[in-house]
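Take a look at the structure set out below.
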Amino acid sequence: MYTAIGYAAQSATTPLAPVKFERRSPRADDIAIEILYCGVCHSDIHQARNEWGIAVYPLMPGHEIVGKVTAVGANVTQHKVGDLVGVGCMVDSCRHCEACQANLEQYCLEGPTMTYATPDRVDGSNTMGGYSDSIVVSEHFVVRIPEKLNLASAAPILCAGITTYSPLKHYGVKAGDKVGILGMGGLGHMGIKFAKAMGAEVTLFTRSASKAEEARRQGADHVIVSTDDAQMQAAAGHFDFLLDTIPVQHDLNPYLDTLRFDGVHILVGLIEPVEPPVHAAKLVLGRRVLAGSLIGGIAETQEVLDFCAEHNITCDIEMLDIRQINEAYARMIAGDVKYRFVIDMATLKV
Ligand code: NDP
Ligand code: ZN
């Protein structure tokens, strides 16, 4: 064990504050990482405030981690001291179930061990995330950061990137498809870039008319202001695929109307009951699909990093001093970030 430092919430209503805590010494298959950058995901806010009802305190968020290997366990083969590596939303899984065998660790039948607020599979301790100077992770859950990528703007690929890439890939989005991205925050702006790189004609649905110009700069071909009924109705029957990153309950019915027959609406932002209810006719009459998607497996996380390097895709980030983390949360809730905060861990001192 050694003493690490980081920022954690002690309850759903207290702001994040500096803490010292114990991290394990590397086990045989572990890698110890000095964290250089960590992205700030909206899930961090949901969890710190216990909005999903599963938080465990103290809760140290952070699952968009980039850093440098400082030590490796005796059996580690994939990474060595000094390598630049990343850790995303998971740090372990059962590794033998059908999902794990299919490289879909995020759907582990026994439940993946998430990077924070989950019991470690070996010692039962509460996992602590990347708002920290260091982390210790089994090598299977550590990915390589391609040399070409800027380290700070690569961090959000570990969650915002993989979460948007994976469903676009799974549903075979291809050149000429009409894709709608719902919400332009951390996930949404990456969704636009990936759909564009896959050759789709991309439309952003946003509440914020002021984001129109920015969206085009990100690669969107069109923008629909979702609060404008006339614009929504004009898009009826148009889209092949919708990627919905909206983090709060919202009416899906007007969006389903914009899908063609056989169109697909994928939820990534919502894990609460859908409210108001979906009118089943909107699915039945057009053989439309409404489904969800969770991050991506480790192999696919490596794939998306390599895809970003190959296609020169980067996240638009705002560097954050960790001492401003609570203000950053407030700004994210207000939609005031372009488009991902990334903590510069050099600012972390306890
Ligand atoms: P952000 O806060 O960065 O962006 C969310 C965007 O949604 C906003 O920029 C805004 O876009 C839109 N939005 C926000 N509030 C509302 C509202 N009240 N009504 C309609 N639209 C709204 O969040 P992230 O991109 O980091 O995360 C998005 C969601 O995805 C979160 O719920 C997060 O927990 C979840 N998530 C899911 C993952 C998965 O594996 N399924 C993985 C990672 C995150 P605009 O202004 O353009 O309308
Ligand atoms: Zn996330």
Do [X] and [Y] come close enough that some side-chain heavy atom pair is under 4.5 Å?
X: Phe194; Y: Phe307; answer: yes
X: Glu34; Y: Ser134; answer: no
X: Glu139; Y: Asp30; answer: no
X: Asp244; Y: Ile266; answer: no
X: Ile65; Y: Leu158; answer: no
X: Thr163; Y: Thr245; answer: no
X: Val173; Y: Pro167; answer: no
X: Met60; Y: Val19; answer: yes

- [ ] Over all heavy atoms of both residues, which pair between Gly186 and Ala160 is shortest? Give the atoms and the distance, please.
- [x]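 So the two residues come closest at O-CB, 3.7 Å.
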Polar contact flag, side-chain donor to acceptor under 3.5 angstrom, [X]-[Y]:
X: Glu22; Y: Thr3; answer: yes
X: Gln78; Y: His140; answer: no
X: Arg24; Y: Ser125; answer: no
X: Arg207; Y: Thr227; answer: no

Open item on the list: Between Arg49 and Ser11, is the side chain to side chain donor-acceptor pair (under 3.5 Å) condition met? List the steps.
Closed with: CA-CA 7 Å; Arg49 300 185 169 186; Ser11 79; over 6 Å; no
Inspect the contact between [Y] and [X] and indicate whether a charged nitrogen and a carboxylate oxygen are less than 4.0 angstrom apart.
X: Glu201; Y: Lys196; value: no
X: Asp221; Y: Arg216; value: no
X: Glu214; Y: Lys211; value: no
X: Lys148; Y: Glu310; value: no
X: Arg260; Y: Asp240; value: yes
X: Asp316; Y: Lys338; value: no
X: Asp257; Y: Lys282; value: yes
X: Arg340; Y: Glu64; value: yes

Taking [X] as the fixed residue, which of [options] is the one that meets the side chain to side chain contact (heavy atoms under 4.5 Å, CB included) rule?
X: His265; options: Phe241, Tyr255, Phe239; answer: Tyr255
X: Tyr165; options: Thr301, Val304, Ile295, Ile313; answer: Val304
X: His63; options: Val87, Val91, Asp44; answer: Asp44

Distance check, rounded to the nearest 0.5 Å: [X] atom [atom1] versus [Y] atom [atom2]?
X: Leu168; Y: Ile181; atom1: CG; atom2: CD1; result: 6.0 Å
X: Gln106; Y: Ser166; atom1: CD; atom2: OG; result: 6.0 Å
X: Ile343; Y: Leu320; atom1: CD1; atom2: CG; result: 5.5 Å
X: Glu327; Y: Asp321; atom1: CD; atom2: CG; result: 9.5 Å
X: Leu16; Y: Arg323; atom1: CG; atom2: CZ; result: 15.0 Å
X: Glu147; Y: Leu84; atom1: CD; atom2: CG; result: 8.5 Å

Has [X] got a side-chain atom pairing as donor or acceptor with [Y]'s backbone, closer than 3.5 angstrom?
X: Thr70; Y: Ala32; value: yes
X: Thr258; Y: Ala235; value: no
X: Asp251; Y: Asn253; value: yes
X: Asn50; Y: Ala55; value: yes

- [ ] For the pair Met345 and Tyr37, evaluate side chain to side chain contact (heavy atoms under 4.5 Å, CB included) and give the outcome as yes or no after the intermediate values.
- [x] CA-CA 6 Å; Met345 221 48 80; Tyr37 301 102; over 6 Å; no
TODO: For side chain to side chain contact (heavy atoms under 4.5 Å, CB included), just list the numbers for Val179 and Leu243, CA-CA rounded to whole Å, side-chain angles, deciding distance to a tenth of an Å, and then say yes or no.
DONE: CA-CA 8 Å; Val179 169; Leu243 183 60; 5.5 Å; no
TODO: For side chain to side chain contact (heavy atoms under 4.5 Å, CB included), just list the numbers for Tyr339 and Met190, CA-CA rounded to whole Å, side-chain angles, deciding distance to a tenth of an Å, and then say yes or no.
DONE: CA-CA 9 Å; Tyr339 284 89; Met190 291 306 288; over 6 Å; no
With hydrophobic residues grouped by side-chain heavy-atom distances under 4.5 Å, do [X] and [Y] end up in a single group?
X: Leu283; Y: Val274; result: yes
X: Leu182; Y: Leu256; result: yes
X: Leu151; Y: Ile322; result: yes
X: Val342; Y: Ile333; result: yes
X: Leu104; Y: Leu294; result: yes

Task: Intermediate values then yes/no, side chain to side chain donor-acceptor pair (under 3.5 Å), Arg121 and Ser93 - done: CA-CA 8 Å; Arg121 292 186 122 75; Ser93 68; 6.0 Å; no
Open item on the list: Are there over 12 heavy-atom neighbours, none belonging to Phe261, within less than 6.0 Å of that residue's CZ?
Closed with: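 Atom CZ in Phe261 is not crowded, with 12 or fewer foreign heavy atoms closer than 6.0 Å.
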- [ ] Verify the neighbour count for atom NE2 of His279: are there more than 12 heavy atoms of other residues, nucleotides or ligands below 6.0 Å?
- [x]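 No, because the 6.0 Å sphere around NE2 of His279 holds 12 heavy atoms or fewer from other groups.
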TODO: Would you please test Arg331 and Glu318 for salt bridge (charged side-chain N to carboxylate O under 4.0 Å, His left out) and show each step?
DONE: CA-CA 12 Å; Arg331 282 186 50 197; Glu318 185 173 331; 3.0 Å; yes
